[in-house]
There are 2 protein chains.
Amino acid sequence: MTDFGIDPTDQRILTILQKEGRLSNADLAERVNLSASACHRRVQHLERGGYITGYVALVNPRKVGRKTTVYVEITLNGQADETLDAFEKAVARVPDVLECHLMAGTADYLLKVVAEDAEDFARIHRRHLAKLPGVQTLQSSFSLKTVRQTTALPI
Amino acid sequence: MTDFGIDPTDQRILTILQKEGRLSNADLAERVNLSASACHRRVQHLERGGYITGYVALVNPRKVGRKTTVYVEITLNGQADETLDAFEKAVARVPDVLECHLMAGTADYLLKVVAEDAEDFARIHRRHLAKLPGVQTLQSSFSLKTVRQTTALPI
DNA sequence: AGTGAAAGTTGTTCCCT
DNA sequence: AGGGAACAACTTTCACT
């Protein structure tokens with residue numbers, strides 16, 4: 001059922017590296033019962049085949065002063081291709097926007113924004129979001145608490 | 001303005017490692033104009049101080065068959081502490097739920113769910129989400145396209 | 001805080017099965 | 001596809017500034 005061009009060993013490798021991205025190849029090899037060279041070859045295959053798109057350090061937002069997560073629903077004034085393109089290009093340049101999705105249904109876009117606090121979000125809203133091209137309405141929803149946050153996909 | 005107990009060199013280290021989590025300490029040291037040992041000590045300080053919470057490999061969802069992202073707004077039947085606690089414990093055990101936030105406003109929770117396709121989401125909805133304790137209403141919004149997705153905070 | 005050197009581990013390649 | 005060996009590169013610690 002779960003295939004997609006990778007075997008169970010590759011799946012284990014992905015599952016492990018999704019949680020411990022800096023695990024040494026030697027340790028990884030031991031965990032999946034392979035020699036270091038065989039394991040290394042598989043990891044390279046997963047990287048070159050686009051299964052693994054990169055490795056990142058996860059930074060605690062609170063420790064760098066980003067205590068506030070806000071989801072923003074945006075509707076644009078029109079659905080013309082150029083309207084959407086212009087919006088998408090501009091939104092990708094706002095560093096406070098961690099995610100942006102084009103949505104089905106009423107709202108056109110859903111954004112995940114990280115701000116220092118509510119006041120900082122007001123600044124981001126006024127200075128960046130409201131000025132994105134084609135924006136008609138903005139509706140912001142504040143997160144009171146992050147219950148779960150993971151980058152690990154079920155594999 | 002940007003401080004929080006770390007100096008500009010630490011900020012650069014975080015910014016770099018947020019994008020290249022597997023960069024060697026030797027290369028990182030060169031980029032921030034430090035010796036390997038000084039750089040290593042700073043990285044350890046950032047890890048032990050909770051600034052860096054971990055390192056992960058990012059996996060391409062499409063390559064492992066997760067083509068569909070859905071946001072789900074959930075309201076519970078009541079706001080009793082036990083109701084929220086039970087819900088939060090249960091939702092954290094559903095691997096298809098990558099994020100869960102307690103929200104201000106009308107909907108109680110916002111979930112980010114990854115599914116293989118719409119049919120698979122129907123299965124997740126029926127078999128997992130609808131059965132979470134205390135759930136009153138579920139409202140699902142499908143992402144048509146991910147415009148931007150990053151784990152890197154602005155620092 | 002930073003440096004340089006030393007020692008032990010790793011990543012990576014190559015050859016063989 | 002996997003294993004083993006070899007070498008270069010790297011991580012990590014320590015003594016010193």
Side-chain angles (χ1 to χ4, degrees), chain A residues 1-65 151-155, chain B residues 1-65 151-155:
Chain A
M1 211 54 317
T2 324
D3 192 328
F4 311 111
I6 55 174
D7 69 11
T9 302
D10 286 337
Q11 289 172 30
R12 282 195 70 200
I13 290 173
L14 289 178
T15 301
I16 292 169
L17 289 181
Q18 275 196 128
K19 302 226 150 160
E20 297 166 74
R22 249 189 129 140
L23 194 65
S24 78
N25 181 64
D27 287 350
L28 179 60
E30 197 175 353
R31 289 233 228 146
V32 299
N33 302 307
L34 280 178
S35 66
S37 54
C39 184
H40 182 254
R41 218 174 345 218
R42 276 175 179 268
V43 172
Q44 282 203 334
H45 175 254
L46 291 169
E47 288 168 358
R48 290 170 183 163
Y51 293 89
I52 295 174
T53 56
Y55 298 88
V56 300
L58 299 178
V59 172
N60 183 345
R62 315 196 134 260
K63 281 285 193 171
V64 294
T151 56
L153 302 168
I155 292 176
Chain B
M1 209 51 327
T2 322
D3 191 328
F4 312 111
I6 56 174
D7 69 9
T9 302
D10 286 336
Q11 289 171 29
R12 283 195 68 201
I13 289 173
L14 290 179
T15 300
I16 292 170
L17 289 181
Q18 276 195 127
K19 303 228 150 160
E20 299 166 72
R22 249 190 129 140
L23 193 66
S24 78
N25 181 64
D27 287 350
L28 179 62
E30 198 175 352
R31 291 232 226 145
V32 299
N33 302 309
L34 280 178
S35 65
S37 53
C39 184
H40 183 252
R41 207 175 310 127
R42 277 175 179 268
V43 172
Q44 282 202 334
H45 175 254
L46 291 170
E47 290 168 356
R48 290 170 182 162
Y51 293 89
I52 295 174
T53 56
Y55 299 88
V56 299
L58 298 178
V59 171
N60 183 345
R62 317 195 130 261
K63 281 285 193 171
V64 293
T151 55
L153 302 168
I155 292 177

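So you know, we letter chains A, B, ... as the sequences are listed, proteins then strands, and number each from 1. Just so we're clear, the structure is a prediction, and the values are computed from it rather than from any experiment.
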B:Glu47 and B:Val43, any side-chain heavy atoms less than 4.5 Å apart: yes
Has the side chain of A:Ser35 got a donor or acceptor atom sitting under 3.5 Å from an opposite partner on the base of D:dG2? no
In terms of heavy-atom contacts, does CD of A:Glu30 have more than 12 from other residues, nucleotides or ligands at under 6.0 Å? no
Could you tell me how far apart A:Leu46 (CG) and D:dA1 (P) are, to the nearest whole angstrom? 12 Å
More 5' along DNA chain D: A:Ala36 or B:Leu23, using each one's nearest nucleotide? A:Ala36
Interatomic distance where CG belongs to A:Asn25 and C1' belongs to D:dA9 [whole Å]: 14 Å
If I take atom CG in residue B:Asp10 and atom P in nucleotide C:dA1, what distance separates them, rounded to the nearest angstrom? 9 Å
Within the 4.5 Å heavy-atom criterion, are A:Arg41 and A:His45 side-chain neighbours or not? no
Nearest to side-chain heavy atoms of A:His40, which nucleotide of D:dT13, C:dT13, C:dT3: C:dT13
Closest nucleotide among C:dT10, D:dG2, D:dC14 to the B:Ser37 side chain: D:dC14
Nearest whole Å is fine: how far is D:dT11 C1' from A:Asp27 CG? 13 Å
Rounded to whole Å, please give me the gap between CG in A:Asn33 and C1' in D:dA1. 15 Å
What integer distance in Å separates B:Leu34:CG from D:dT12:P? 16 Å
With the side chain of A:Ser24 defined as its heavy atoms from C-beta on, choose the nearest nucleotide among D:dG3, C:dT3, C:dG11. C:dG11
Could you check whether any side-chain heavy atom of A:Lys63 comes within less than 4.5 Å of a side-chain heavy atom of B:Leu14, counting everything from C-beta outward? no
B:Arg12 side chain vs B:Arg31 backbone, donor-acceptor pair below 3.5 Å: yes
Select base, sugar-phosphate, or nothing to describe what B:Ala38 touches, counting heavy atoms under 4.0 Å on all strands. base
Nearest-angstrom distance from the residue atom NE2 of B:His45 to P of C:dG2: 11 Å
Of C:dT13, D:dT13, C:dT3, the nucleotide closest to the side chain of B:Arg41 is C:dT3
Rounded to the nearest Å, what distance is computed from the CZ atom of residue A:Arg42 to the P atom of nucleotide C:dT12? 18 Å
